[in-house]
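A short write-up of the structure that comes next.
When a ligand or atom number is given, it counts from 1 through the structure's own listing order.
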Amino acid sequence: MNSFVLHGDICFCPTPKRLLAIEDGYVVVRDGVTELCCGALPDTAKELPLHDYRSKLVFPGMVDLHVHAPQYAFRGLGADMELLEWLRHYAFPEEAKYGDLRYADKAYSMFTGALKNSATTRAVIFGSLHHDATKLLMDKMEDSGVVSYVGKVNMDRNSPDNLCETTEESYRSAERIIRETAGKYRNTKPILTPRFVPSCTDELLNRLGRLAEKEDVPVQSHLSENPEEIKWVARLCPDSRFYGEVYDKYGLFGSSTPTVMAHCVFSGDEEIALMKERGVYIAHCPASNMNVGSGIAPISRYMREGLSVGLGSDIAGGQSESIFTAMVEAMQLSRLYRRHIDGESTPLTFAQTLYMATKGGGQFFGKAGSFERGYEFDAIVIDDSTLPHPQPLTLAQRAERAVWLSGDKTGLIAKYVRGNRIL
Ligand code: GUN
Ligand code: FE
C-alpha cells in the first residue's frame, strides 16, 4: 500500500528545543506511518519504492489550528477595525451569504483548493452556522485530501438576525451533523464550535458541553482575544472569575474532550493555569493579532510553561493561509513583545516556531507533525534552489531561510498526507 522510502534533506522538531536536520536522509514509511528516519537506507527497507527528492527540503506537513473557511472570500480586506466592529461590518455579513448553497459551493471550492495547494496538511476549521453549507464544506475538505476537523458554528445571541439561530435549532444542527457524518469520511471529522461566549447563551453552552462528552467530539472556540470582548464577557457572565472559566463551567475547556482555543492574547495567570491543567490547545494567530489590532499573545511564556501551542492562519483575521507566513509573523511579534511588553521574555527561536507549526498543532490530531517512529506520515517537499546564495549554508540554515523567504510561494513540489501523495 502506501509503503515507501522518501529521500531528501529532512528537517523536523521532535521538541521545541531541537531541530533535527538530516542531509541526504531517509524516512521509511509503512502503511502511511513513519517507521524510521535516518541518515542511511537500512537493508530492511531496500525493497520498498524510493521517492527520491535528493537536495530538496522535506518538512512535516504544516498544521493550521484555526481558520475560518467562510471568511476566505474577504481575506486581505477590511483590516481597519478592531474585533467586535470587524465582526459586525465584515465577518458576519460575509458569513450570512453561506445560507445560499450556490455561493457556498463557489466560495468553499476556492478555500479548499487553496488549502490543498498550500503547505498545510491538517486544519481545524470554523464553517458558518449553516447546516447544509457546513456539510458541503466537509465534502470538499474530504476531496482535498487535507485532514481536518470542521465545525458548524453555534450562535444563539448577540448576532444579526440573518446569522442567529434559536438555542434549540443551533444545538440540533450540531447534533445532527455528528450523526449525519458518522463514518462518512476518512479524513474529515466534526468539531463542536461555539463561536465565542458573547454569541452563545448559557443554555446552549451547557447543552454543547454535554454533547461533546456524550459523542466524544472535540471543541474549538475563541478566548481572551480583545479587551472589549473580555469586558463584554465579564458583563455577560458576572459569576465567572475569568473568560475561560465560562467554557470550563460547561465542560467545553478540555475536561472531557480535546479543545482548541484561538488567541489567548490577554489570558491571566488563573486562565493560563487552567489551560495547562486541562491540556487546552492554544492556536496562536499572529497575523490576526496584528490585523484586527488585538495585541500580542505571550507565546514564549506559554511555550516555557509547557502549554500546548500551535499556529493558526485565522483567515480572514489573518490575510494568508500560509503557515510559513504565520511562522515568520510569530517570530517577528515575539521580538516586538520583548521590546514593548516584557523585556524579560525571550523571542521565539526558529526551532520553537517550526515545532508549533508541525508537532505543536499536530498533536491535536494524535500522532502527527513529526518524523518520529509511529507518527502518521504527513510531509511537504520544498525546492529551495530558487533562493540563491553565494555562501555555503547548513541544512538548518536552508530550512530557516526557506520559511522566511518563501512566504505564500513555498516552492512546494510534493505533499503527503497519511502516506498518500496528494500533490
Ligand atoms: N471571535 C469571534 N468570532 C471571531 C472571528 O470570526 N474571528 C476572530 N478573529 N475572532 C472571533
Ligand atoms: Fe478566529
Side-chain angles (χ1 to χ4, degrees), residues 64-98 107 111 123-130 134 137 148-160 163-164 170 191-201 204-205 219-233 236 243-244 246-247 252 259-267 281-297 310-321 323 326 329 333 361:
D64 189 341
L65 214 47
H66 181 71
V67 54
H68 296 260
Q71 296 179 10
Y72 186 71
F74 77 101
R75 72 201 185 286
L77 293 172
D80 52 2
M81 291 176 186
E82 286 208 14
L83 178 67
L84 300 177
E85 212 188 340
W86 176 86
L87 286 171
R88 272 194 304 275
H89 276 84
Y90 296 110
F92 290 165
E94 179 60 30
E95 287 188 25
K97 296 179 191 168
Y98 290 73
F111 170 75
V124 184
I125 302 174
F126 270 59
S128 66
L129 59 61
H130 307 96
T134 303
L137 173 60
S148 66
Y149 285 106
V150 178
K152 167 247 160 19
V153 171
N154 291 102
M155 303 163 75
D156 72 338
R157 70 169 170 185
N158 297 320
S159 306
L163 206 65
C164 193
S170 188
I191 181 166
L192 292 176
T193 308
R195 180 171 210 120
F196 65 161
V197 168
S199 58
C200 298
T201 59
L204 180 58
L205 292 176
V219 173
Q220 63 176 345
S221 193
H222 295 94
L223 179 65
S224 298
E225 177 178 5
N226 168 285
E228 291 306 314
E229 170 210 16
I230 294 167
K231 282 189 226 156
W232 195 13
V233 171
L236 290 167
Y243 193 159
V246 185
Y247 295 119
L252 293 164
T259 296
V260 185
M261 287 287 156
H263 305 301
C264 310
V265 177
F266 299 102
S267 297
Y281 283 76
I282 295 166
H284 176 40
C285 307
S288 175
N289 285 181
M290 292 188 270
N291 297 345
V292 288
S294 293
I296 312 174
L311 288 177
S313 65
D314 194 25
I315 280 176
Q319 74 284 358
S320 166
E321 69 274 19
I323 296 299
E329 291 161 341
L333 272 190

Near L87 (heavy-atom distance under 4.0 Å), the atoms of ligand 1 are 2 (C), 3 (N), 4 (C), 5 (C), 6 (O)
Quick one: does NZ or CZ of R75 land under 6.0 Å from the six-membered ring centre of Y72, within 45 degrees of the ring axis? yes
Taking only heavy atoms of H263 into account, list the atoms of ligand 1 that are under 4.0 Å away from them. 9 (N)
Roughly how far apart are K97 NZ and H130 NE2, rounded to 0.5 Å? 12.0 Å
Can you tell me which portion of H68 lies within the under-4.0 Å heavy-atom range of ligand 1? Options are side chain, backbone, both, or neither. side chain
Numbered atoms and elements of ligand 1 in range of D314, under 4.0 angstrom, heavy atoms: 8 (C), 9 (N)
Is R195 in polar range of ligand 1, meaning some N or O pair under 3.5 Å apart? yes
Out of the N/O/S atoms in D314, what is the name of the one closest to the Fe ion (ligand 2)? OD1
Give me the residue, atom name and distance of the protein heavy atom closest to atom 10 (N) of ligand 1. E225 OE1, 2.7 Å
For K231 and E228, what are the C-alpha separation, side-chain angles and deciding distance, and is it a salt bridge (Lys or Arg N to Asp or Glu O under 4.0 Å)? CA-CA 5 Å; K231 282 189 226 156; E228 291 306 314; 3.2 Å; yes
Looking at H222, pick out the N, O or S atom nearest to the Fe ion (ligand 2) and give its name. NE2
Ligand 1-proximal atoms of W86, by part, heavy-atom distance under 4.0 Å: side chain
May I ask you to check if any N/O/S atom from H68 comes under 2.8 Å of the Fe ion (ligand 2)? yes
Rounded at 0.5 Å granularity, tell me how far NE2 in H66 sits from CG in L311. 12.5 Å
Check: P194 and L204 side chains under 4.5 Å, non-hydrogen atoms: no
If you round to the nearest 0.5 Å, how far is OG of S128 from CZ of F92? 12.0 Å
Just let me know how V292 lines up against ligand 1, side chain, backbone, both or neither, with a heavy-atom cut-off below 4.0 Å. neither
Determine, using heavy atoms of E229 and all atoms of ligand 1, whether some pair is separated by less than 4.0 Å. no
Reported CG-to-CG distance for the pair N158 and L87, which is rounded to 0.5 angstrom: 11.5 Å
Give the ring-plane orientation class for H263 versus H222, where under 30° counts as parallel, over 60° as perpendicular and anything between as tilted. parallel
